[in-house]
Amino acid sequence: MAIIDSRHAAKQLIYEKVFRSATLTAAILVLLILGGVALSLLHGAFPALKQFGFAFVTREIWNPVTDQYGALSAIYGTVVTSLIAMAIAVPTGFGIALFLTELCPPLLKRPIGVAVELLAAVPSIIFGIWGLFVLAPVLQRHVQPWLIAHVGPIPGIGKLFMGPPYGIGILTAGFVLAIMVLPFIAATMRDVFDTVPPMLKESGYGLGATTWEVIWNVVVPHSRAGIVGGVMLGLGRALGETMAVTFVIGNAHRISTSLLAPGTTISSAIANEFTEAVGDLYTSSLIALGLLLFLITFAVIAAAQAMLRRLERRALSSI
Amino acid sequence: MNRRAFRKFKNGVFLTLSLIATLAGLACLAALLFTLISHGISGMSWRLFTDMTPPPGAQGGLLNAIYGSAAMTLLGILVGSPIGVLAGTYLAEYGRNSRLSVAIRFINDVLLSAPSIIIGLFIYEIVVVRMGHFSAIAGALSLAVLAIPVTLRTTEDMLNLVPIGMKDSSAALGAYPWRTTVSILYPAARSGIVTGLLLAIARISGETAPLLFTALNNQFWSTNLNAPMANLPVVIFQFALSPYKDWQNLAWAGALIITVTILILSVSARVVLAMLHAKGGAAK
């Protein structure tokens, strides 16, 4: 009996070791993947970075014929489309989160919440094809002519809305991105608003504050870190979003002052040109673009995570 | 207007704005679904599921693309989800608060929101360049990398939800942690882990960017994993941007198929989770 038991125990110990190392290996693999992504991008980008040096980031030229490449127009497009998206999606997402947590009848809370989350599950290529065939014509026929006629003549800001209404371009890409990141921002903000202790809100109401005053003076200050975290998470998505943008951006490697003009973004340039790129320098320059995107989104997402985590810790310690 | 009326007025304005924002968000979803259905339904026919992608101007279907998507998604899940589940187990059961676990959790969250096109470039560099050609294996691997963070996250969360008493009871009976995990925790967290798998499938089955330069595309029927393989997202991308009406119609039909599949997956993931919560509530 004792012999069987000790054998059994020894066997169990071996299983334990095997299982433990299997889980540990899988966990370390996750670290290795991120490291591998960084290293492989560096390796692939090396020829282009060696050729152009730091000027790669500051030059607007992108000419496969003369083998001259610079990332500035792609960086510009990425940043501007994301900013447009955030300008639209942040207030709207805030409104949706506010509606869901403070105003919505309990019966509708779940269905609307699920609908918003389903919008987040729709793959980006669907937004792309929708943006190209539905949204772009509407913008071209109705919105852009109005902008050109009414905002265009205003000095200063008017420069942003000049030129012919192509339909596709930076502004349209920003619109599509806004719709894409909206559910992420709305869902994160809703979750953050839900963490505000009811006691605080009730105190506000007890003092005679209106719903909006409670939201603005109690809910928002209490969940500031979470709001910023949610916004940055949305920004991270917008910066790296590929297919939806590729459909509607117009793919022109140049910087135009007008938001109605076609442009390019880092991800859409890679998606469009990578399989057709001939020559090592061309491919390498596209991978260098990918490296830039990786660095930018990594910084944004890491900052967002840090903020959301701080909020989580605070929520835990306040219990 | 006195001060009280002004405050009420301001309240009304902002609450109305928030209602408008919600309606706008719902309108976007409705508009998207409406266009997909109205454009896609006309292209729906049995040919979609029996014929190959056609050359321009000819009749055809999407059979090879549907097969390719299903095959690569399945392969991606088969490779990615065990890694995600095991790593999630490590975080929930072995590592918990170790420095390594904190780092892995952080990295995993970064991977969860990292642009998928970057993952495509990564697989291109380490698989396609080494092998010298595009292949379905490379496509499946890039999908696997995207599936890992989703399954890891849900597995860890769900294992943490299992009541600590169950774990303690098992340990008190003399079971090693692996035995407790496999025989007690996994069954207890099963529906949660299944939810994670469904979400991961939903996430990767619509991915386009990483497949563009890993699996590429293939106009013909191919089951060879070592060769380029057709897949729905890339076919939609190619056909939608083409000038041919037939191709555009096929793209819409494909878009409808993909969206319906993903919405069904996401809704069933939610149903499984809701059932889990109902069960947990009853147990209390």
Side-chain angles (χ1 to χ4, degrees), chain A residues 12 15-16 19-20 22-24 26-27 29-31 33-34 36-37 40-41 43-44 92 95-96 98-99 103 112 114-116 118-119 121-126 129-130 132 134 179 182 186 210-213 233 236-237 240 242-243 267 270-271 274-275 287 290 293-294 297-298 301-302 305, chain B residues 7-8 10-11 14-15 17-19 21-22 24-26 28-29 32 35-36 83 86-87 89-91 94-95 103-104 106-111 113-115 117-118 121-122 125-126 145 148 152 176-178 202 206-209 212-213 216 233 236-237 240 251 255 258-259 262-263 266 270:
Chain A
Q12 287 286 318
Y15 287 149
E16 174 64 28
F19 187 72
R20 201 194 148 97
T23 60
L24 181 63
L29 199 63
V30 175
L31 287 184
I33 287 175
L34 193 80
V37 171
S40 65
L41 288 179
H43 175 257
T92 318
I96 294 178
L98 200 155
F99 179 81
L103 295 176
I112 296 181
V114 170
V116 170
L118 285 184
L119 194 58
V122 175
S124 75
I125 186 156
I126 307 294
I129 182 171
W130 181 74
L132 180 65
V134 181
I179 300 174
L182 178 64
T210 62
T211 310
W212 172 252
E213 285 163 349
L233 220 51
R237 291 257 163 194
T242 310
M243 299 318 294
S267 51
I270 302 173
F274 200 82
T275 41
I287 296 180
L293 180 65
F294 176 73
T297 48
F298 185 89
I301 299 169
Q305 293 300 343
Chain B
R7 284 172 57 207
K8 271 197 151 167
K10 203 163 104 179
N11 189 42
F14 281 110
L15 297 190
L17 283 178
S18 108
L19 180 68
T22 311
L26 293 178
C28 284
L29 183 65
L32 193 71
T35 350
L36 267 182
I83 298 174
L86 282 175
T89 310
Y90 179 80
L91 294 187
Y94 291 110
I104 289 171
F106 180 74
I107 296 297
N108 191 63
D109 282 347
V110 171
L111 282 177
S113 352
I117 194 161
I118 301 282
L121 283 179
F122 166 57
E125 277 285 306
I126 64 165
V145 172
I148 291 174
L152 188 156
Y176 277 97
W178 81 270
E207 278 295 350
T208 317
L212 281 174
F213 27 82
L216 204 64
I236 295 174
F237 178 50
I258 254 189
T259 312
I262 287 173
L263 290 187
S266 321
R270 258 158 250 278

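Hydrogens, waters and symmetry mates are skipped; everything else that's a heavy atom, side chains included, is used. By convention in this document, chain letters (A, B, ...) are assigned in the order of the sequence lines, proteins followed by strands, and residues within each chain are numbered from 1.
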Contact origin within [X] toward chain A - heavy atom pairs under 4.5 Å:
| X | result |
| --- | --- |
| L15(B) | both |
| A202(B) | neither |
| L111(B) | side chain |
| L29(B) | both |
| L36(B) | side chain |
| S113(B) | both |

Query raised in the report: Could you go step by step and tell me if V110(B) and F298(A) meet the side-chain contact (heavy atoms from CB on, under 4.5 Å) rule?
Result: CA-CA 7 Å; V110(B) 171; F298(A) 185 89; 3.6 Å; yes

**Report entry** Step-by-step side-chain contact (heavy atoms from CB on, under 4.5 Å) determination, S18(B) to L103(A)
**Finding:** CA-CA 9 Å; S18(B) 108; L103(A) 295 176; 3.4 Å; yes

Residue selection (most heavy-atom pairs with chain A, distance under 4.5 Å) from [options]:
| options | result |
| --- | --- |
| L212(B), V145(B), D109(B), L26(B) | D109(B) |
| I118(B), L91(B), L263(B) | I118(B) |
| I258(B), L152(B), I107(B) | I107(B) |

[atom1] of [X] to [atom2] of [Y]: how many Å apart, nearest 0.5 Å?
| X | Y | atom1 | atom2 | result |
| --- | --- | --- | --- | --- |
| I83(B) | I148(B) | CD1 | CD1 | 4.0 Å |
| L98(A) | W212(A) | CG | CH2 | 6.5 Å |
| N108(B) | L31(A) | CG | CG | 9.5 Å |
| M243(A) | F237(B) | CE | CZ | 4.0 Å |
| I287(A) | F294(A) | CD1 | CZ | 14.0 Å |

Where does [X] contact chain B at under 4.5 Å (heavy atoms): side chain, backbone, both or neither?
| X | value |
| --- | --- |
| S267(A) | both |
| T210(A) | both |
| L119(A) | both |
| R237(A) | side chain |
| L118(A) | both |
| L29(A) | side chain |
| I179(A) | side chain |
| V30(A) | both |

Can you see which heavy atom on [X] is nearest to which on [Y], and at what distance?
| X | Y | result |
| --- | --- | --- |
| A121(A) | S266(B) | CB-OG, 3.5 Å |
| I117(B) | A271(A) | CD1-N, 3.7 Å |
| A240(B) | A251(B) | N-CB, 3.7 Å |
| E16(A) | Y176(B) | OE1-CB, 3.4 Å |
| I125(A) | P233(B) | CD1-O, 3.0 Å |
| S40(A) | I126(B) | CB-CG2, 4.2 Å |

I need the residue from [options] with the largest number of non-hydrogen atom pairs under 4.5 Å to chain B.
| options | result |
| --- | --- |
| T297(A), I126(A), T92(A) | I126(A) |
| I112(A), V122(A), I270(A) | I270(A) |
| L293(A), V116(A), V114(A) | L293(A) |
| V37(A), L132(A), T275(A), L182(A) | V37(A) |

